[in-house]
Amino acid sequence: NARDAKSDINFLDYRAVQASKTRAELIRALAVLHLCSIDLFVSRALLWMRLGRRLLGQRCFDALMRRSFFGQFVGGATEAELRQTAEAQRRQGLRPMIAVPMEEPMRKLSDEELTRLYEENTAKQVRAVELSAQLNSNRPKMQLKLTSLMPTSLLQKLATLHGDLAVADAASEVLSQLLQLAVPDTPCSTKSRQQQQDLLRRLLPAASDAGRLSDQLLAAVVRTRRVFDAAKRHSVQILIDAEYSHINPGISLFYLALATVYNAEDYCMVFNTYQCYLRDTIDTYNWHMDLLLSTSRRGVRAGAKIVRGAYLHWENGQGAEINGGRSRVWSSLEETNCSYNRAVSIALDRIVTEGSNSSRHEVILATQNSNSISLCLDGMRRRCISPESGAVSFGQLYGMADYISVPLAQSGYQVYKSIPYGSVDETLLYLVRRANENKLIFDGVREEKSVLRAALR
């Protein structure tokens, strides 16, 4: 029971937050979190921000954002500012985890424009890999949205192959072979090209637009290889973000293929994200782990990021329409919490089964919920999972939950802060989504606001 969870760490001790922030930072955090809990503001956040930019002008608007939402949730507009933020985090024992904010374009783009956008995004993600290695020499991690490298429609098509387990197993194996054949910046031999075409026919046999999909998939595979090859060179772990439920199965196929290729060596490089507000998440997680970890099947390492989920508003609206009028998410917060805590318990059991010091299975628990973290800490102690093993780490959003992150890190646990960076314009859609889709989080920040108020007294 999460309510009965106890921990040796006092997450309500305001002194840790007080020592890590200036008074101005405490006031800003309290004001921004309060605004993000007001439905009238959150539901029209993009409108308010656009209106503010029009009335104030770009320079004044940027200055206002830097002193409020941008300053609270974004690590900086430039690499130099990101480095300063990362250094400040490290002084508190926290590990920076870069998340390049790449939202879907607001207007429809031509094929040429989309190709150019994906190539630019690929270069940005490769640079993020390099920065991650520079900013954190010990188990560097970064987040990646696959939709920054390929069309959503392609992932939606691949998602149809994930429903049947045998079909999904075979499809992800074919995709892993495509990944191994698609070497970036290397001319493709006639034999390799023929092998690629054979694999594509096996993966997309019945599609009416198979030719266009094949071209998109090959281009996506090459871009993906470019990013993940860079991560391998720099020993950076990549956490693939989950997105909308109707494309997540397609993302899962890519994860299984990437894990087969990149997690076969001496460390776990590729992680998938499991959203516990979805009803089928635990079944999906168990099947993925059975497939990857079993020596009689893939026999590779497996990484998992366990979250509650950040697209609740969309899932209960457009997502339910796509799913025939039925939402895929649990109907209450209590059910989501139970699902999350159960997933954590199952993951800890799997870590013990695989050997907690072998890094065969690694988990990062991304949550701002102190009860869930306390339950996990208790579970780690009972199962003798050492914080230093790296089998379990924790993650919170930059600008939130420092009252959890700082004492957790000071107690010897590995704690990452998800830090986006970019200009105000580049991060504007990210900030709007952070406010709108994460209202579930902001509704539950009473605990954090009480700690901030105590630190201000």
Side-chain angles (χ1 to χ4, degrees), residues 97-100 122 125-126 128-130 132-133 136 139-150 155 158 162 168-169 171-184 220-243 247-275 284-294 297-307 347 350-351 354 358-366 390-393 395 414 416 418:
M97 181 167 64
I98 294 177
V100 183
T122 301
Q125 298 287 18
V126 169
V129 168
E130 296 166 351
S132 297
N136 191 356
R139 303 178 85 89
K141 290 180 171 64
M142 65 168 276
Q143 294 170 249
L144 172 74
K145 290 182 72 170
L146 280 184
T147 50
S148 69
L149 307 178
M150 63 191 74
L155 289 168
L158 292 175
H162 191 270
D169 188 354
S172 65
E173 184 63 44
V174 170
L175 197 50
S176 70
Q177 293 175 44
L178 273 173
L179 281 163
Q180 293 175 75
L181 285 172
V183 181
V221 164
V222 171
R223 293 185 203 108
T224 304
R225 271 289 304 260
R226 188 171 285 119
V227 176
F228 281 80
D229 283 356
K232 183 178 179 180
R233 288 194 302 272
H234 294 281
S235 298
V236 173
Q237 295 175 308
I238 293 187
L239 282 56
I240 301 173
D241 282 339
E243 301 186 46
I247 64 170
N248 280 346
I251 293 172
S252 289
L253 284 184
F254 260 93
Y255 163 66
L256 294 173
L258 288 162
T260 301
V261 174
Y262 291 97
N263 285 359
E265 298 185 11
D266 58 349
Y267 79 108
C268 184
M269 196 188 97
V270 187
F271 288 62
N272 195 37
T273 299
Y274 297 91
Q275 300 162 310
T284 301
Y285 164 81
N286 279 327
W287 179 69
H288 286 176
M289 297 307 110
D290 287 343
L291 175 63
L292 294 175
L293 293 169
S294 172
R297 301 178 81 178
R298 302 286 172 91
V300 297
R301 301 171 191 274
K305 180 176 74 167
I306 301 178
V307 304
R350 281 192 176 269
I351 288 169
E354 298 298 330
S358 70
S359 297
R360 289 259 306 143
H361 185 29
E362 291 186 32
V363 176
I364 177 167
L365 307 180
V392 180
S393 55
Q414 297 181 15
Y416 293 81
S418 174

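Predicted model only: the values in this text are computed from it and were never measured.
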**Request:** Would you confirm whether Ser172, through its side chain, and Ala257, through its main-chain N or O, come within 3.5 Å as a donor-acceptor pair?
**Result:** no
**Check: Arg360 side chain, Leu293 main-chain N or O, donor-acceptor pair, under 3.5 Å** = yes
**Item:** Residue pair Val236, Glu130: steps toward the side chain to side chain contact (heavy atoms under 4.5 Å, CB included) verdict
**Value:** CA-CA 8 Å; Val236 173; Glu130 296 166 351; over 6 Å; no
**Request:** Answer whether the closest heavy-atom distance between the side chains of Ser393 and Arg139 falls below 4.5 Å.
**Result:** no
**Asked** With a 4.5 Å heavy-atom cut-off, do Val126 and Arg223 have their side chains touching?
**Response** no
**Complete:** Heavy-atom closest pair (Ala347 atom, Ile306 atom, distance to 0.1 Å) is CB-CD1, 3.9 Å
**Prompt:** Which atom pair, heavy atoms only, marks the closest approach of Thr273 to Asp241?
**Reply:** OG1-CA, 3.8 Å
**For the student: nearest non-hydrogen atoms of Ala231 and Tyr267, plus distance** = O-OH, 3.9 Å
**Asked** Is there side-chain contact between Asn136 and Tyr416, with heavy atoms separated by less than 4.5 Å?
**Response** yes
**Item:** Nearest atoms (heavy-atom pairs only) where Gln143 meets Ala99
**Value:** OE1-CB, 3.7 Å
**Asked** In Å and rounded to the nearest 0.5 Å, what is the NE2 to CG distance from His288 to Leu256?
**Response** 4.5 Å
**Message:** Please check this pair: side chain of Asn248 against backbone of Glu243, looking for a donor-acceptor N/O pair closer than 3.5 Å.
**Reply:** yes
**Message:** For the backbone of Pro184 and the side chain of Arg226, can you confirm whether one donor and one acceptor N or O come within less than 3.5 Å of each other?
**Reply:** no
**Prompt:** After noting the C-alpha distance and the side-chain angles of Met97 and Leu239, does the key distance pass the side chain to side chain contact (heavy atoms under 4.5 Å, CB included) rule?
**Reply:** CA-CA 10 Å; Met97 181 167 64; Leu239 282 56; 3.7 Å; yes
**Message:** Whether the Thr260 and Arg298 side chains hold a donor-acceptor pair (N or O, under 3.5 Å, no angle test) is what I'd like checked.
**Reply:** yes
**Prompt:** At their closest point, which heavy atom of Ala302 faces which heavy atom of Cys268, and how far apart are they?
**Reply:** C-SG, 3.4 Å
**Message:** If you define the side chain from C-beta out and look only at heavy atoms, does anything of Tyr274 sit under 4.5 Å from Val363?
**Reply:** no
**Ser294 side, atom OG; Met289 side, atom CE - distance, nearest 0.5 Å** = 12.5 Å
**Item:** Atom pair OG (Ser252) and CG (Leu146), whose distance is rounded to the nearest 0.5 Å
**Value:** 10.0 Å
**Request:** Take Leu258 and Ile240, measure what side chain to side chain contact (heavy atoms under 4.5 Å, CB included) needs, and give me the verdict at the end.
**Result:** CA-CA 10 Å; Leu258 288 162; Ile240 301 173; 3.8 Å; yes
**Intermediate values then yes/no, side chain to side chain contact (heavy atoms under 4.5 Å, CB included), Val270 and Phe254** = CA-CA 10 Å; Val270 187; Phe254 260 93; over 6 Å; no
**Message:** If I take atom CG from residue Asn263 and atom CZ from residue Arg301, how far apart are they, to the nearest 0.5 angstrom?
**Reply:** 8.5 Å
**Item:** Minimum-distance pair of heavy atoms, taken over all atoms of Gln414 and Gly390
**Value:** NE2-CA, 3.6 Å
**Prompt:** Rounded to the nearest 0.5 Å, how far apart are CD of Gln125 and CG of Leu144?
**Reply:** 4.5 Å
**Item:** Euclidean distance, Trp287 CH2 relative to Asp169 CG, rounded to 0.5 Å
**Value:** 6.0 Å
